[in-house]
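What you see below is based on every heavy atom in this structure, not just the backbone, and it leaves out hydrogens, waters and symmetry mates. Residue numbering restarts at 1 for every chain, and letters A, B, ... go by the order of the sequence lines. Note that the structure is a prediction, hence the values are computed from the model and not measured.
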Amino acid sequence: MSESIHLVFNVDGNNFASAGTASEEVKSKLKMIGISSADIRRVAIAMYEGEINMVIHAGGGEAIVDIFLDRIEILLADHGKGIEDIEQAMQPGWSTAPDDIRALGFGAGMGLPNMKKYTDEFRIDSTVGVGTNVYMTIKFN
Amino acid sequence: MTVYDVIKALDAEEIYIADDGREITSGYAGDFLSHVMGRAPADCAWFTIMNNVNVCAVATLADIALIVLCEGVQPDDNLLAKVKIQGFNVISTKLDIYNAVVAFDRALR
């Protein structure tokens with residue numbers, strides 16, 4: 001494998017049915033290059049939660065993925081309304097998702113905590129009215 | 001136990017079966033998708049009444065072995081189409097979640 005694989009995905013903000021497409025493609029790519037199923041699972045869940053967040057809260061965005069021999073780096077970038085209080089948003093159970101989203105099974109306030117749980121490095125940069133960047137790194141065991 | 005064993009134990013309807021020999025080592029019950037992703041172990045049977053298309057994405061990404069729709073719930077059209085494309089195991093049982101889990105647990109032991 002060359003030094004890294006660079007992938008860029010557009011996450012459609014209006015389509016719940018297609019949410020997860022980027023995560024599924026990354027999952028197949030990792031499987032193809034022989035990453036362990038436990039590591040793939042961590043990547044897939046963290047990235048899917050991020051995709052869903054972009055659909056629910058930000059009208060979509062971009063997922064930029066770099067796969068190295070020993071790790072994967074994921075940047076989820078959106079131009080949504082931003083997060084006012086990141087510490088509060090990270091609390092399990094805290095959610096601003098509307099009722100129609102909850103009816104689909106989302107909005108339990110576990111998305112960001114799950115992303116942190118399954119990643120080795122996790123950082124959020126957000127500016128209200130400008131957008132949010134979520135940086136995640138998962139090391140391959 | 002296998003997907004086939006669960007179908008028998010729950011007297012369940014086969015909605016779509018991609019691999020009835022897939023091993024199942026544990027179970028998880030719940031409808032909030034992020035709880036499922038945070039807590040359901042890989043290779044489990046997932047008991048839920050949620051039937052929209054995101055159920056398949058969650059199950060696939062979390063390496064769940066089998067979706068068990070309880071209370072006679074049927075997949076909506078988008079979910080059915082997606083499980084056929086993804087090649088995922090889905091069954092439906094008339095039992096409610098509690099009784100489905102009890103029957104599953106008996107068979108698992």
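With A:Y118 as the aromatic partner, A:R42 does not meet the cation-pi criteria of under 6.0 angstrom to the ring centre and within 45 degrees of the ring axis.
Considering only heavy-atom pairs separated by less than 4.5 Å from chain B, the leading option among A:I45, A:I40, A:T21, A:V43 is A:I45. Taking chain B as the reference chain and counting heavy-atom pairs below 4.5 Å, the highest number among A:A44, A:G105, A:A17 is found for A:G105. Of all the listed residues (A:A108, A:G20, A:G109), the one sharing the greatest number of non-hydrogen pairs under 4.5 Å with chain B is A:A108.
Electrostatic pairing of A:R123 and A:D125 counts as a salt bridge here, judged by a charged N lying under 4.0 Å from a carboxylate O. Using a 4.0 Å cut-off between charged side-chain N and carboxylate O, B:D43 and B:R22 make a salt bridge.
Among residues 30-41 of chain B, the residues having any heavy atom closer than 4.5 Å to a heavy atom of chain A are, in sequence order, B:D31, B:F32, B:L33, B:S34, B:H35, B:M37, B:G38, B:R39, B:A40, B:P41. Contacts between residues 45-63 of chain B and chain A, defined by a heavy-atom separation under 4.5 Å, are made by B:M50, B:N52, B:V53, B:N54, B:A57, B:V58, B:T60, B:L61, B:A62, B:D63. Within residues 102-109 of chain B, no residue approaches chain A closer than 4.5 Å by heavy atoms. Contacts from residues 64-97 of chain B to chain A, taken as heavy-atom pairs separated by less than 4.5 Å, involve B:K82, B:Q86 in sequence order.
For the pair A:I124 and A:L112, the minimum side-chain heavy-atom distance is below 4.5 Å. Within the 4.5 Å cutoff, no side-chain heavy atoms of A:E62 are placed close to those of A:F9. The closest side-chain heavy-atom distance from A:H6 to A:V65 is not below 4.5 Å. Taking the side chain as every heavy atom from C-beta outward, A:I67 and A:K29 approach each other to under 4.5 Å.
Here the CZ-OG1 distance, from A:R71 to A:T119, works out to 14.5 Å after rounding to the nearest 0.5 Å. In this structure, A:N10 CG and A:M54 CE are separated by 9.0 Å, a value rounded to the nearest 0.5 Å. Residue A:F122 holds its CZ atom at 12.5 Å from CG of A:D120, rounded to the nearest 0.5 Å.
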### Task
Dump the intermediate steps for side chain to side chain donor-acceptor pair (under 3.5 Å) on A:E73 and A:T137, then the final yes or no.
CA-CA 5 Å; A:E73 294 179 0; A:T137 300; 4.7 Å; no

Can you check side-chain contact (heavy atoms from CB on, under 4.5 Å) on A:F140 and A:F68, steps first, answer last? CA-CA 9 Å; A:F140 302 139; A:F68 300 90; over 6 Å; no

Check against side-chain contact (heavy atoms from CB on, under 4.5 Å), A:I64 and A:I74: CA-CA 6 Å; A:I64 299 147; A:I74 301 165; over 6 Å; no

Could you go step by step and tell me if A:S23 and A:E49 meet the side-chain contact (heavy atoms from CB on, under 4.5 Å) rule?
-> CA-CA 9 Å; A:S23 311; A:E49 291 280 19; over 6 Å; no

What's the verdict on side-chain contact (heavy atoms from CB on, under 4.5 Å) for A:D66 and A:I72, showing C-alpha distance, side-chain angles and the deciding distance?
-> CA-CA 6 Å; A:D66 288 286; A:I72 182 169; over 6 Å; no

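Only the backbone of A:A103 comes within contact range of chain B, with at least one heavy atom under 4.5 Å from a heavy atom of that chain.
Contact record, B:E23 with B:M1: OE1-O, 3.3 Å, taken as the closest heavy-atom pair. The two residues A:H57 and A:A97 come nearest to each other via the heavy atoms CE1-N, 4.0 Å.
Cluster membership check: A:I52 shares its hydrophobic cluster with A:I86, using side-chain heavy-atom separations under 4.5 Å among Ile, Leu, Val, Met, Phe, Trp and Tyr.
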